[in-house]
Every structure is written in C-alpha cells, then in structure tokens.
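Here is the structure we will look at.
The structure displayed is predicted, hence computed values, not measured ones.
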Amino acid sequence: MTTLRAFTCDDLFRFNNMRGASGGRPCGDGLVLNPAPQYGIPFYLQYLAHWPEYFIVAEAPGGELMGYSATVLMLCMFTVMGKAEGSVAREEWHGHVTALSVAPEFRRLGLAAKLMELLEEISEKKGGFFVDLFVRVSNQVAVNMYKQLGYSVYRTVLEYYSASSGEPDEDAYDMRKALSRDTEKKSIIPLPHPVRPEDIE
C-alpha cells in the first residue's frame, strides 16, 4: 500500500531510484514525469522550511520513494513540491507547482494525479484563486496529462527554459486550473500573446 506523507530532510538523500531517462541530470522542468533531482539541497530546504504542507512524498511498502511533489500555494513533488504566492487584492493568490516527479517503475498508477489533487486541496484551503505550473512546450506527455487533470494553457512564456550545449532556449506553457474562489474563472482566460520571463510577476 502506498503511503503519502510529509517530506523530511532525510528524503533528500533518497532520490536515487528517481533518476529516469534524464540520467540524473536536472530536467529543468518543474512538471515533467522525468524524475530527477532537479535542484540543490538549499533549494529543497527553503521550500521545506517555508511551505512544508506543500511538500509531499509517496512511499512504497518497502520504503522506496515512488515520487514527490512540491507546491506552495504553488505545488508539485511523488515527490511533489510547491508554494503559495501572488496578491489577494488582485485575485492572483495561487498555488504554484514547482516540481512533480514519479519514479519510472511507479508510473501509470495514478500517483501524479493523486499528488496534484492533494496540492489543489491545499491551495483551496489557503484561499487560492487558481493553481499554475510551467511546462516545456515540447513535453507533450506532461502537457496532455495536465489537460486531463483540468489545466489549460494560460500563456506561452518565450525562452523560459535555458538550454545547454548550444541549443536554443525553450518556451514554456504557463498552465492554470481555476479553484472555487475564482467563481468567474477569470484566472484562466488565455492571454492572446506570448510574454517574456521578465514579464512574469
């Protein structure tokens, strides 16, 4: 039976089985199903200290990590990791998915959907208007999964992801899902034009 629990500092040293096709290199995409530790230890500790309720891990009966998600009125991590951000006055208070990762041997079991659901529930309790995430335009597997979970493309962010090895930078979709506080669904009305990373608040 899968156990969902709060992420602990010790989990930072248990990511080995989550190095998928990326070969352990950072995948650089907060919402990919390619489970690689993508950030340094200080980054994870910052999220754990500020938004512990958004840092969730799924553990198999044998104790191995199945995935993570992290959010902070932003969300993500099987492990899931995220945070809360924005302005209540401007109806921009929201959950943000920072990372969502599922180990290859535990994919297609509905774990990613369950983690996203938990993060959305936390964002609802925090009074968020919506949940958002960024995903590479080229990552159609993740884009399609998020669409199945009720997310839609709000805007395209040009050259959001820095490339390596002389490749061009890659665009991202900012995908959103309205929460119950956004009764008119204003937060998900698509922008008609792309934006640049420096235009994002």
Side-chain angles (χ1 to χ4, degrees), residues 1-12 14-22 26-39 43-48 50-85 94-126 128 130-136 139-152 173-180:
M1 173 182 247
T2 302
T3 302
L4 299 178
R5 62 169 176 78
F7 192 91
T8 68
C9 292
D10 291 341
D11 292 323
L12 290 173
R14 300 177 60 212
F15 282 118
N16 289 342
N17 72 316
M18 297 180 61
R19 296 177 188 272
S22 65
C27 49
D29 191 340
L31 293 164
V32 252
L33 300 178
N34 207 8
Q38 42 200 88
Y39 307 107
F43 180 85
Y44 284 107
L45 292 176
Q46 174 189 355
Y47 270 71
L48 190 55
H50 287 91
W51 305 287
E53 67 275 22
Y54 284 104
F55 217 142
I56 304 163
V57 69
E59 192 172 61
E64 63 267 49
L65 293 186
M66 299 169 75
Y68 71 89
S69 168
T71 177
V72 202
L73 220 26
M74 288 188 99
L75 45 131
C76 105
M77 241 175 123
F78 253 85
T79 311
V80 67
M81 184 175 118
K83 64 184 176 184
E85 64 183 4
H94 67 281
H96 173 80
V97 178
T98 304
L100 174 65
S101 188
V102 177
E105 62 270 29
F106 297 111
R107 293 183 187 165
R108 303 207 178 275
L109 299 175
L111 297 175
K114 183 62 179 172
L115 285 171
M116 292 295 290
E117 180 184 326
L118 289 171
L119 293 171
E120 291 163 10
E121 288 174 9
I122 293 167
S123 297
E124 282 278 6
K125 290 177 185 172
K126 296 275 186 182
F130 61 93
V131 172
D132 80 342
L133 57 92
F134 293 90
V135 62
R136 291 176 187 272
N139 191 345
Q140 284 303 301
V141 171
V143 170
N144 291 335
M145 181 193 78
Y146 294 122
K147 284 181 177 180
Q148 288 177 349
L149 296 176
Y151 289 78
S152 59
Y173 287 138
D174 177 355
M175 298 185 75
R176 293 185 175 186
K177 182 176 183 177
L179 298 176
S180 63

Check your understanding: Once you round to the nearest 0.5 Å, how far does OG1 of Thr98 lie from CG of Leu133?
Key -> 10.0 Å
Exercise for review: Could you grab the distance from atom CD of Glu117 to atom CD1 of Ile122, nearest 0.5 Å is fine?
Suggested key: 11.0 Å
**Study point:** Side chain Asn139, main chain Val135, donor-acceptor under 3.5 Å
**Key:** no
Point to revise | Leu179/Val131 under side-chain contact (heavy atoms from CB on, under 4.5 Å): CA gap, chis, key distance, verdict | key: CA-CA 7 Å; Leu179 298 176; Val131 172; 3.9 Å; yes
Check your understanding: Can you tell if the side chain of Tyr146 reaches within under 4.5 Å of the side chain of Leu100, non-hydrogen atoms only?
Key -> yes
Practice item. Could you tell me the separation between the OG atom of Ser152 and the CZ atom of Arg176, rounded to the nearest 0.5 Å? Key: 9.5 Å
Point to revise | Between OH on residue Tyr173 and CD on residue Gln140, distance to nearest 0.5 Å | key: 6.0 Å
Review point. Taking all atoms of both residues into account, what is the closest heavy-atom pair of Glu124 and Ser180, and its distance?
Key: OE1-OG, 2.7 Å
Exercise for review: Starting at CG of Asp174, measure out to CZ of Phe134 and round the result to the nearest 0.5 Å.
Suggested key: 4.0 Å
**Study point:** Audit row: Tyr151, Met116, side-chain contact (heavy atoms from CB on, under 4.5 Å) steps and yes/no
**Key:** CA-CA 11 Å; Tyr151 289 78; Met116 292 295 290; 3.4 Å; yes
Check your understanding: Judged by atom type as modelled, is there a donor-acceptor pair below 3.5 Å linking the side chain of Lys177 to the main-chain atoms of Leu149?
Key -> yes
